[in-house]
Amino acid sequence: MKLNLAMAQTTAVLGGVSQNLEAHLDLTKKARSNGADLLIFPELSLTGYVLQDLVPTVAHRPTATDPVFKPLLEASKDIDLLVGFVEEDIRSRFFISAAYLSRGETVHVHRKVYLPTYGLFDEGRFFAWGDRISAFDTRFGRAGVLICEDFWHSSPPYLLWLDGADLFLFTSSSPGRGLTSAPALGSSHWVDRVLQAYSALFTSFVAHTNRVGYEDGLNFWGGSSAYDPNGMEIGHGPYHEEAVTMVEMDLNQLHRTRARLPLLRDERTGLIMREMQRILNSKDAFNGR
Amino acid sequence: MNPKHPDLTINTDLARQILTGFIHSEVTRTGFTKAVIGLSGGIDSALSCFLAAEALGPANVLAVRMPYKSSSQDSLDHAQQVIDKLGVASLTIPITPMVQPYLDANEGISSFRAGNIMARQRMIVLYDQSAVFGGLVIGTSNKTEILLGYSTLWGDSASALNPIGDLYKTQIRQLSRAMGVPEAIVAKPPTADLWLGQTDEKELGFTYADVDPLLYLLVDERYTPQECVDAGYEEGFVNKVVDRIRRNQFKRILPPIAKLGQRTIGYDFLYLRDWGT
């Protein structure tokens, strides 16, 4: 089975949801006519990234009655979509979320679980922490979604793997930083390394899309990329430019790679549970959130 | 002991791509298409002008030369070289008739005060010309001078956007060479050109070659002052630089507003400038 996956690296009007929605619908039409089965958009693709006090004014719910999601769900009848948005729950907590839409339904919503609040980042000030990491079934197999900082921690991809994900869909609004003599920024260099490592360690498909454009002095570097279960790069978008990068994923590669390299078969989850309990129960335990 | 020398080399193609993209984005998203730059004849404004011309097209950039009567002919000539090489629009507006009456009315005025007056007069001209030309004022301050506070508040530090403020002086030289800024401008000693023979390095008391690596360790790499001393930097030099960075913080922020209400600009009324664009 083949999956034609399109990775959109888009810019955004900061706080301009209706303009951004139009751009999403345009790109969706184009991707569909180019034969894409699934089109993924960056983190907060419908809103822009450094929202600060705009957060409560750009929030939506991924339902058919929502004016933003209604046309997106309609568009998802022909092509699966992953879109980034600010989600407001029924108790008015605001999350950085990504919704997977397929055949007119919201199949899965991931709420970002790691909100970077250090250096140039201030997400924890404006957003609630997601508290669930789960895989979900798609018409291309079981998938998992993570948003930017989520995959700088190795545990969320690991949990998705154990929950059955063979296709990792990662999205970012990653500000470019770390200019040296190297041909790529430090931020993009490290993301590519991490993605490649996950694809090899989890013998799975990984696709990542990151936005482009500027917000005040911040630049976003794009550079979407995809890797196969052997850890080989199968597609890479340009840096710093709007683009839609298509990759063909031969999903049978999962079978071939895992026949050769049974890392998933040999994973010792019981051992991990025992050791995790021992570590967390010890009196010097490192107790995170 | 030779002090630790971090590598400040940058990939100039990447810097050029990001910075021209920044100028284009931040000028056009506010509805403008043009930019105005005060061209001193020095390297910083030359580089900003090169970047703006590439980002917006030379016809959309206005370079303004604003000599005072004691400004050197070299400065004017070097600015002209930039104008000629890029084909940008240009104006020459001497500031002597504007500042001289005030200077004459203040007998014995210090060169420090006179320098600030000239820098602020140039700001007035630049912002007025930006209204005529319909362009935004592009900043020309580099990271070294912003950190050291080597600028005039609301004078040369005033701009609508600054493409080069995260580049140290030594990196400005590297990018300038890569973009084709005339070598006479790149190689000459940086000067505010307020009096004959003035140079930045004489006035600061140290060279850019010495201070840039130290600033990089302190700011970018988060070294403590003691770690810089341990890395071979002279203690008096480290303390002087650390003190300058702290004392000049006021030049790097907007004036603090005294909070009274529930929501106060600067504290809990938070929006980017690019809000809605």
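Remember, it's a predicted structure, so these values are computed and weren't measured experimentally.
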For the backbone of Gly261(B) and the side chain of Lys259(B), can you confirm whether one donor and one acceptor N or O come within less than 3.5 Å of each other?
yes
May I ask you to name which of Pro163(B), Gly165(B), Gly276(B) has the most heavy-atom pairs under 4.5 Å with chain A?
Gly276(B)
Does any heavy atom of chain B fall under 4.5 Å from the side chain of Phe126(A), the backbone, both, or neither of them?
side chain
Side chain, backbone, both or neither: which part of Asn219(A) has a heavy atom under 4.5 Å from chain B?
side chain
When heavy-atom pairs shorter than 4.5 Å are enumerated against chain B, which of Leu218(A), Val13(A), Thr180(A), Asp216(A) gives the highest number?
Asp216(A)
Segment of Asn162(B) engaging chain A (4.5 angstrom heavy-atom cut-off):
neither
Below 4.5 Å, heavy-atom pairs only: which of Gln52(A), Glu215(A), His240(A) has the largest tally toward chain B?
Gln52(A)
Would you mind telling me which of Thr9(B), Asp220(B), Asp13(B), Ile18(B) has the largest number of heavy-atom pairs within less than 4.5 Å of chain A?
Ile18(B)
I'd like to know whether the aromatic ring centres of Phe69(A) and Phe85(A) sit less than 6.0 Å apart in this structure.
yes
Is the ring pair Trp129(A)/Tyr114(A) parallel, tilted or perpendicular, if the boundaries are 30 and 60 degrees?
perpendicular
Contact check, side chains of Gln226(B) and Asp230(B), non-hydrogen atoms, under 4.5 Å
yes
Engaged part of Glu26(B) at the chain A interface, taking heavy atoms whose separation is under 4.5 Å
side chain
Could you check whether Phe168(A) and Tyr198(A) have their ring centres less than 6.0 Å apart?
no
Straight-line distance of His110(A) NE2 to Glu87(A) CD, nearest 0.5 Å
11.0 Å
Give the member of Leu14(A), Leu51(A), Leu179(A) that has the highest number of heavy-atom pairs under 4.5 Å with chain B.
Leu14(A)
Over 60° means perpendicular and under 30° means parallel, so classify the ring planes of Tyr118(A) and Phe121(A), tilted if in between.
perpendicular
Is chain B contacted by the side chain of Leu185(A), its backbone, both, or neither, given a heavy-atom distance below 4.5 Å?
both
Look at Gln171(B), Gln17(B), Gln174(B) and state which one has the largest set of heavy-atom pairs under 4.5 Å with chain A.
Gln17(B)
Please confirm whether the backbone N or O of Leu115(A) pairs with a side-chain atom of Glu149(A), one donor and one acceptor, at under 3.5 Å?
no
